[in-house]
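For reference, the structure discussed in these notes is given below.
The structure displayed is predicted, hence computed values, not measured ones.
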Amino acid sequence: MTVKLKNDSSSEDEPLGNGGRKAARPARGSKRRAVKEEESSSGEQEEVLSQEVKKRKTVSKRRAPARKVKEEEGDRDAKKESSVDGEEDSEEFKWWEREEEKDDSVKWVTLRHNGVMFPPEYTPLPSHVRLYYGGKAVELPAEAEEVAGFFAALLQSDHAQNPVFQKNFFEDFLSVLNKHGGARNGIDIQEFSKCDFSKMHAYIQQQKDQKKQLSSHEKKLLKQEKDKQEEPYKFCYLDGRKEQVGNFKIEPPDLFRGRGAHPKTGKLKRRVQPEDVVLNLDKDAPIPEPPAGHKWGEIRHDNTVQWLCMWRENISNSFKYVRLAANSSLKGMSDFKKFEKSRELKNYIDIIRADYRKNLKSKVMLDRQIAVATYLIDVFALRAGGEKSEDEADTVGCCSLRYEHISLKPPNTVVFDFLGKDSIRYYQEVEVDKQVFKNLSIFKRPPKEPGHQLFDRLDPSILNKHLQNYMPGLTAKVFRTYNASKTMQDQLDLIPNEGSVTEKMVRYNAANRAVAILCNHQRTVGRSHAQSMQKATEKIEEYQWQKIRYKKAILQLDESELKANPKFFKEINDLTKEEQMSIHKRVLEREREKYQKKFARENEKRKFEGEELLPESQLESWLADVEEMGKEYVEELETGLVTVKPTLQSVEKLKAQIDKLEQRIRTTSIQMKDKEDNSTVALSTSKISYIDPRLSVAFCKKYDVPLEKVFTKTLREKFKWAIESADENWRF
DNA sequence: TCATAAACTTAGAAGAATGAAG
DNA sequence: CTTCATTCTTCTAAGTTTATGA
């Protein structure tokens, strides 16, 4: 059989060299095209673009026989809207209660909005804040100063340490600098290493701090002002209904912060001008006024798309879109459709699984590859894995897995180790189906070597085409959604309907976590995580110490307690002298800090209000109290005799305190464990994108858990359709 | 039929708001 | 009430899939 396959495949395998990352890369077509476009005169461009619009319009008309009806309906809505323009229209559009609409190529009939909000112009730094080069202050033209400022702002971050980031930044910085005539005071900047951004950084930091220091009233005023500025852009009218816009702000210029080893990280992301922006509205919509002295790049009327505005970005020459918010009807409908589509998969999954198991032994290499890929996507929730270009970070998904990304340990263990989306590492040592293992070995056979594609016949479009044979609209990503929601359903089914809301939520989150782990949703451990873990450990230690002290105190009051319950006092010698001393030190140090801070804060306040300052002696007296406490601890250590507060001078009271301490130790340890388990797992992504929200709604209803425990305000708005349509018996 | 452009979803980090502990 | 850690929101990068045009 193997021989047969080998023969069979050797001819098919001929262009094996193409499996190599470099060899497989096609010529840079897109780049050339982009350059050409820039060169062509704007008039020519307009002509081309408007032709394109006409074509699109006829296409969408042809494709949408249902449109006529909709249009009339929409017109009515639009008229109603224009008469009440701007007025709060609280009537809700419950699209999920409507009959299903067949044609979704037309997204709207009328679309009106006020364009986008542009970021503020650059404000030059005060003249005493400069970049220093070889120790000398540089007078930069404003344009270059802005770019230098972007770097200065990141000085403390990892980006600033990344050589690629430095190099890309510096190139673009120099190019801006030279374009604007170089340094005003003749300093010739050549080397990055001679640049000192620290003064700029300090100033930027100081400005930030200053803003934080403002009184809450001042902050409120600033917020009000900001809201007023944003108001016109926050909403649009879609078929006459007022809907929220998502990202209504143009992205401000900055240094591009690519994830992972991105070759372009640090490059200047240029400022977007109104001339770069294309607006999309209905034909009769009033065209929003462009910023003074500017013109819009283009006005389009394409009702087959959801975007309101778009512009081309200069890092990888792709588009950025202004679109509706997550709580909008359009987004809601597509979300709903996504989950319905993945629910549909349960009707086909058995056939699909049976089929790929069978095809694992197919004599046609392509079919085997399809079978293995489908298996990996289904079982390990891998992404499709499209091809990437050389000027992006080297990350992979299923179809783009390479030789070096898996190692095989007979009889059937596979170790996956690769960087996936966002350069997040996927590392799993797992057992796989015997035949899958065999196939993977075949896919790695010489002449394949590191750098070669495992699935050299396959790409997402071939795979998806194959999947569509089973179910209309089935693609690789549907499996991820299906398996995520299926996992959630199964996990929720295991939760007993008992206990407090907190306990139920712990279970819910555990279910959520199972899904997040399946999807490999990670987060970098917060800066303060280790520290806060350390703190918690110390806290538990201190509770323990306190507990022991109280037990000693009990014996001091009544020796007979020991005989009555020797077990209770067993731990009384658990802490060594050294351990006790270090706890003492910590407790005392914290007390000192507390008083220092209290003193400083109080005087700050008094200074501000013109009152008399606390004398230094006050602080000293406080600190003396701490010293006193310290002496008592030392004595305690020597004599073994504990001194406790006068209010605790009875066996009962001490026992009550001990109970409290034990409770605290329990809760703190549980919290700590939960925190540790969650420290590298991001629950939010699966909750937002993979778990059918109706599962959570049903859970809340069935288990009598308030919805807001499960969904934040924004998520409740996003999932309104689910909240209003699922009951406690709803199942995925 | 293909490559590539376009359009849309998914993703973690950063920033802002909130709330728990002292 | 303040402080600081946690939680929520915003931001925009990075994927997938579909549409388009040579």
Sugar-phosphate, base or nothing in reach of A:I424, heavy atoms under 4.0 Å: sugar-phosphate

Sugar-phosphate only, base, or nothing, as touched by A:R523 at under 4.0 Å among non-hydrogen atoms: sugar-phosphate

Integer-rounded Å distance: B:dT9 C1' and A:F319 CZ: 18 Å

Separation of atom CG in A:L382 from atom C1' in C:dG15, rounded to whole Å: 14 Å

B:dT9 OP1/OP2 closer than 4.0 Å to side-chain N/O of A:K338: no

Euclidean distance, atom CG of residue A:D422 to atom P of C:dC11 [Å, nearest integer]: 18 Å

Comparing A:A682 and A:D459 on DNA chain B - which has the more 5′ nearest nucleotide: A:D459

Side-chain donor or acceptor of A:N247 paired with backbone N/O of A:Y321 under 3.5 Å: yes

Side-chain donor or acceptor of A:D172 paired with backbone N/O of A:L268 under 3.5 Å: yes

Closest to side chain of A:K421, choosing from B:dC8, B:dT10, C:dT17: B:dT10

Any A:H262 side-chain N or O less than 4.0 Å from OP1/OP2 of C:dA14: yes

Whether A:N483 side chain and A:D378 backbone form a donor-acceptor pair below 3.5 Å: yes

Touch class at under 4.0 angstrom, heavy-atom based, for A:K718 against every strand present: nothing

Separation of B:dG15 C1' from A:Q156 CD (nearest whole Å): 17 Å

B:dA7 OP1/OP2 closer than 4.0 Å to side-chain N/O of A:R323: no

Under-4.0 Å side-chain N/O to phosphate OP1/OP2 contact, A:K107 with B:dA7: no

Selected nucleotide, minimal atom distance to A:T714 side chain, candidates C:dA13, C:dC8, B:dC8: C:dC8

Pairwise 5' ranking along DNA chain C for A:R259 and A:T475, keeping only the more 5' one: A:R259

Phosphate contact (C:dC11 OP1 or OP2) by A:K320 side-chain N/O below 4.0 Å: no

4.5 Å side-chain heavy-atom contact, A:F479 and A:L382: no

Short side-chain N/O contact from A:R257 to OP1 or OP2 of C:dA14, under 4.0 Å: no

Sugar-phosphate only, base, or nothing, as touched by A:G385 at under 4.0 Å among non-hydrogen atoms: sugar-phosphate

Nucleotide of B:dA7, B:dA6, C:dA14 approaching A:M310 most closely (side-chain heavy atoms): B:dA7

B:dG12 OP1/OP2 closer than 4.0 Å to side-chain N/O of A:T685: yes

Separation of atom CG in A:N678 from atom C1' in B:dG12, rounded to whole Å: 15 Å

Between C1' of B:dT9 and CG of A:L330, the distance in whole Å: 14 Å

Residue closer to the 5' end of DNA chain C, A:S423 versus A:E708 (nearest nucleotide): A:E708

Side-chain N,O (A:N247) to OP1/OP2 (C:dC11) below 4.0 Å: no

Geometric class of the A:Y426/A:F418 ring pair [parallel <30°, tilted 30-60°, perpendicular >60°]: parallel

N or O in side chain of A:T524 less than 4.0 angstrom from B:dA13 OP1/OP2: yes

N or O in side chain of A:K539 less than 4.0 angstrom from B:dG22 OP1/OP2: yes

Distance below 4.0 Å between A:R312 side-chain N/O and B:dA6 OP1 or OP2: yes

Residue-phosphate contact under 4.0 Å: A:S318 side-chain N/O, B:dA6 OP1/OP2: no

Length of the CG-P vector between A:N520 and B:dG12, whole Å: 8 Å

Sugar-phosphate only, base, or nothing, as touched by A:K687 at under 4.0 Å among non-hydrogen atoms: nothing

Selection from B:dA11, C:dT17, B:dA13 that lies nearest to any side-chain heavy atom of A:Y690: B:dA11

Test item: A:R312 side-chain N/O and A:N317 main-chain N/O as donor-acceptor pair under 3.5 Å: yes

Touch class at under 4.0 angstrom, heavy-atom based, for A:K223 against every strand present: sugar-phosphate

Steps toward salt bridge (Lys or Arg N to Asp or Glu O under 4.0 Å) verdict (A:D391, A:K267): CA-CA 12 Å; A:D391 48 21; A:K267 283 184 70 64; over 6 Å; no

Touch class at under 4.0 angstrom, heavy-atom based, for A:D335 against every strand present: nothing

Sugar-phosphate only, base, or nothing, as touched by A:G258 at under 4.0 Å among non-hydrogen atoms: sugar-phosphate

Under 4.0 angstrom between A:T712 side-chain N/O and C:dT9 OP1 or OP2: yes

Whether A:F256 and A:H262 hold their rings parallel, tilted or perpendicular, with breakpoints at 30° and 60°: perpendicular

Sugar-phosphate, base or nothing in reach of A:Y321, heavy atoms under 4.0 Å: base

Value in whole Å for how far the C1' atom of B:dA6 lies from CG of A:N303: 16 Å

A:K249 side chain near C:dC11 phosphate (N/O to OP1/OP2, under 4.0 Å): yes

Side chain A:K477 and base B:dT10 donor-acceptor under 3.5 Å: no

